[in-house]
Amino acid sequence: MDGNGRWARERGQIASAGHKAGIDALQRTVESCIEHGIGYLTVFALSVENNRNRDDQEVKFLISLMYSVVHERLQKLHDEGVKLIFVGSIQALEDQGLLEVIKRAEILTKENTRLVLTVSLNFSGRDDIVQATRSLLKLVQENQIDPSDIDVSTFGNHLSMSHIPEGYRDPDLLIRTGGEQRLSNFLLWQLAYSELYFSDTYWPDFDAEDFSIALEEYSKRDRRFGARIP
C-alpha cells in the first residue's frame, strides 16, 4: 500500500491526507477480493522501518488512523464475512486503545470465512524469521523436538502467517503500488515463489480496475516452481 505521501504532496496536502484516502483503497480491494472469490488478503500497513524512521507525528497519526478504521469499519467487515488477523510487533507500539480494538476485532470475526484479511502492523520479515528461529531453538533446548525434525513446514508453523492453512500461506501474487519495485522487508519467507506485480498507481487511487489488471497479468504468468515445462 505505497504512495500515500506522494499522492498527498502532488495535491498540496500533508501526508495524513494520503493515508486517509488510502483507507478507501483498502476497502475497495477487500470488496474486489470478495468479488473475485479470493480467500486471503495480506496488507502491509506499517513496517518496523516506517515506525523507526518516519516522523513521530506521522507514526502517531497512522496508529490513530488504524484504531479509527478498525473501530468504525469493524461491523461492516464482519457483515461482509471478513476475518481479521493482525500480525507484527503490535505490543511495541504501546497503544492500549489499539490493542483493545484489535482484540475485539479478532474475536468478533474469528468464525468468518469469506475472506481472511491479515494486517501486518509494525512488521518485519527479517524479525519474523528471527523470532521463528528463537522459538524453535527453545523447543530444541527443552528437548521437545530434535533438530532433525525441523524442515520447511515446521519452520513455517512458527512464523506470523501460521494462522493460514499451510497450502495457502505463500501468496500467489504480490501487488506493490506507487512505482517502487522491491519487497521492503515484507513476507520474505513466504514470497519465495510469489509472482510480483508493480503498479505505478499510488495506493489511494488503486481501484477495482487496477486490481483486475493485476489479476489479468497474473493469469498470464507461467508458474513453474523450478520445474522445466516441455
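Side-chain atoms are counted along with the backbone in the values below, which use heavy atoms only and exclude waters and symmetry mates. Since the structure is predicted, the reported quantities are computational estimates derived from the model, not experimental observations. Along the sequence shown, residues carry numbers from 1.
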Does [X] have any side chain to side chain donor-acceptor pair (under 3.5 Å) partners at least two apart in sequence or in another chain, and if so, which?
{"X": "Q181", "result": "none"}
{"X": "T118", "result": "H163"}
{"X": "T113", "result": "none"}
{"X": "K60", "result": "none"}

_Can you confirm whether more than 12 heavy atoms, excluding those of E94, are under 6.0 Å from its CD atom?_
no
Return the set of residues passing salt bridge (Lys or Arg N to Asp or Glu O under 4.0 Å) with [X] (not counting sequence neighbours), or none when no residue passes.
{"X": "R11", "value": "D205"}
{"X": "R182", "value": "E180"}
{"X": "E100", "value": "none"}

Can you check whether [X] reaches [Y] side chain to side chain, under 4.5 Å on heavy atoms?
{"X": "W7", "Y": "W203", "result": "no"}
{"X": "Q91", "Y": "L93", "result": "no"}
{"X": "H158", "Y": "L139", "result": "yes"}
{"X": "I38", "Y": "L215", "result": "yes"}

*Residues in ring-ring contact (aromatic ring centres under 6.0 Å, His included) with Y168, at least two apart?*
Y40
Going by atom types only, do [X] and [Y] share a side-chain donor-acceptor pair under 3.5 Å?
{"X": "S68", "Y": "R73", "value": "no"}
{"X": "R52", "Y": "N122", "value": "no"}
{"X": "E58", "Y": "H19", "value": "yes"}
{"X": "T109", "Y": "H78", "value": "no"}

Please identify each residue that fulfils side chain to side chain contact (heavy atoms under 4.5 Å, CB included) with [X], with sequence neighbours left out.
{"X": "S47", "value": "F44, E49, N50"}
{"X": "L191", "value": "P171, L174, L183, F186, L187, S194"}
{"X": "D79", "value": "Q75"}

*Sequence neighbours left out, what pairs pass salt bridge (charged side-chain N to carboxylate O under 4.0 Å, His left out) with at least one residue falling in residues 126-152?*
K138-E142
*What is the minimum heavy-atom distance between R6 and G178, and which atoms define it?*
NH1-O, 2.7 Å
